[in-house]
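Have a look at the structure below, then the notes.
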Amino acid sequence: MTDTDLIEKGIKTELIYSGKIFDLRHDDIELPDGNGAVRDYVVHKGAACIVPVTDDGCVLTVRQYRYPMKEILTEIPAGKRDSEDEPPLETAARELKEETGAEADEFVFLGEFYPTCAYSTESIYMFMARGLHFGSTHTDNDEFIENGKIPIDLLVEQIMNGNIKDGKTQAAVLKAYKILKSEKERKQ
C-alpha cells in the first residue's frame with residue numbers, strides 16, 4: 001500500500017459556522033476506495049505553548065477553569081495565533097509575557113502538536129523558554145488565571161500519574177524535560 005492509497009479527496013465544502021476562535025466546516029469527500037463520506041471539522045488558526053523554565057529548574061504554570069471540561073486545569077502558558085500569518089514564536093513570546101509577565105533570552109522549538117487531528121486543523125507550536133526576566137502580566141479581559149511555579153521533576157511526575165490532563169502541557173513538558181536531562185548528562 002502506498003500513501004496515495006490512504007488519501008481522501010474533498011468534493012464539496014460548506015462553511016457551517018464562523019466564530020471568533022474557529023470555523024466549522026462540513027465536507028463531502030471521496031474515500032480511497034471510491035465511496036463517499038462526510039467530514040465535519042473545526043478550522044483553527046493555530047496556537048503556541050511555552051515551557052518557561054526558571055534558572056532553578058522550575059516551570060511557570062497557569063491554573064484556569066476550562067469551561068468545556070468543567071475543571072480547573074494546570075497548564076503551561078499558551079494561546080491562539082492572532083492570524084495564520086503570525087509567526088508561532090511571536091505568539092509564544094506574547095503569551096508568555098501576557099500570562100506570566102516573563103520575557104525570555106532564549107526560545108527552543110520543541111515541535112508541532114496536533115491536539116485533535118480527527119476533527120480539527122489546530123496545530124500547536126511548542127517552545128521552551130529560558131533566561132527569564134520578569135515584569136507584570138497582561139491577561140485578556142476574559143482570562144482569569146492563577147500563576148504557579150513547579151519543579152520540572154515534580155511536574156513530570158504529575159503528568160505521569162495523570163494529574164496534568166492537558167495534552168499540550170504533557171507533550172511540551174516531556175519534550176523539554178528530555179532536552180534538559182540530555183544537556184545535564186552531557187555536562188557530567
Side-chain angles (χ1 to χ4, degrees), residues 13-27 37-54 58-84 86 88 90-102 110-129 132 134 136-178:
T13 187
E14 179 183 0
L15 178 64
I16 302 296
Y17 168 81
S18 183
K20 178 182 172 186
I21 297 175
F22 63 83
D23 295 341
L24 180 60
R25 294 201 165 274
H26 174 88
D27 287 10
V38 297
R39 296 289 182 255
D40 293 330
Y41 60 101
V42 172
V43 177
H44 190 282
K45 293 176 192 165
C49 66
I50 315 93
V51 181
V53 181
T54 61
C58 291
V59 174
L60 303 181
T61 59
V62 295
R63 290 185 55 212
Q64 60 187 321
Y65 185 75
R66 291 301 193 174
Y67 184 83
M69 305 314 294
K70 307 291 190 264
E71 287 184 50
I72 297 171
L73 299 178
T74 298
E75 306 174 34
I76 54 175
K80 66 179 176 54
R81 294 164 69 191
D82 285 342
S83 73
E84 291 177 5
E86 181 180 43
E90 189 175 307
T91 307
R94 180 186 70 243
E95 292 297 327
L96 176 64
K97 176 75 173 149
E98 285 179 6
E99 294 186 4
T100 70
L110 300 175
E112 196 174 357
F113 176 68
Y114 296 159
T116 51
C117 59
Y119 62 86
S120 175
T121 65
E122 183 179 15
S123 175
I124 301 175
Y125 295 85
M126 301 178 292
F127 296 89
M128 176 173 56
L132 303 178
F134 295 92
S136 58
T137 61
H138 303 284
T139 55
D140 296 333
N141 291 335
D142 63 349
E143 196 171 37
F144 297 87
I145 62 174
E146 176 184 278
N147 293 99
K149 183 177 169 185
I150 303 172
I152 194 163
D153 291 336
L154 177 58
L155 190 55
V156 168
E157 185 179 312
Q158 291 175 346
I159 288 168
M160 297 308 292
N161 69 23
N163 289 335
I164 304 295
K165 297 178 184 177
D166 177 59
K168 71 183 177 305
T169 299
Q170 291 178 7
V173 168
L174 293 175
K175 284 184 163 216
Y177 180 74
K178 177 73 172 161

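What you see is a predicted model, and the numbers here were worked out from it, not measured in a lab. Below, all heavy atoms of this structure are taken into account, side chains as well, without hydrogens, waters or symmetry copies.
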Open item on the list: Suppose we screen for side chain to side chain donor-acceptor pair (under 3.5 Å). Which residues come up paired with Ser83, at least two apart in sequence or across chains?
Closed with: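 Testing Ser83 for side chain to side chain donor-acceptor pair (under 3.5 Å), a comparison that skips the adjacent residues, returns none.
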
TODO: Identify the two heavy atoms, one from Ile50 and one from Ala92, that lie closest to each other, and give their separation to 0.1 Å.
DONE: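 For Ile50 and Ala92, the tightest heavy-atom pair comes out as CD1-O, 3.2 Å.
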
Open item on the list: Give me the atom names and distance for the closest heavy-atom approach of Asp23 to Gly19.
Closed with: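 Asp23 and Gly19 have their closest heavy atoms at OD1-N, 3.4 Å.
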
Any side-chain heavy atom of [X] sitting closer than 4.5 Å to one from [Y]?
X: Thr74; Y: Thr169; result: no
X: Pro52; Y: Val59; result: yes
X: Arg66; Y: Glu71; result: no
X: Tyr65; Y: Ile72; result: yes
X: Phe22; Y: Glu122; result: no
X: Met126; Y: Val51; result: no

Task: Atom OH of Tyr119: over 12 foreign heavy atoms under 6.0 Å - done: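 Count not over threshold, so no.
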
Open item on the list: Is it true that, when you exclude Tyr114 itself, more than 12 heavy atoms of the residues, nucleotides or ligands shown sit nearer than 6.0 Å to its OH?
Closed with: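 Not more than 12 within 6.0 Å, no.
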
Open item on the list: Quick test of your reading: applying side chain to side chain donor-acceptor pair (under 3.5 Å), list the pairs with at least one residue in residues 147-157, sequence neighbours left out, ordered by first then second residue.
Closed with: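 Qualifying pairs: Asp56-Lys149.
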
Task: Donor-acceptor under 3.5 Å (Arg81 side chain, Glu86 main chain) - done: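 Indeed, once roles are kept as given, a pair shorter than 3.5 Å links the two residues.
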
Task: Ring-face cation of Lys175 near Tyr177 (centre distance under 6.0 Å, axis angle within 45°) - done: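 Output no; distance or angle outside limits.
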
Open item on the list: For a side chain to side chain contact (heavy atoms under 4.5 Å, CB included) check, start with the C-alpha distance between Tyr41 and Thr13, then their side-chain angles and the critical distance, and finish with the verdict.
Closed with: CA-CA 11 Å; Tyr41 60 101; Thr13 187; 4.2 Å; yes

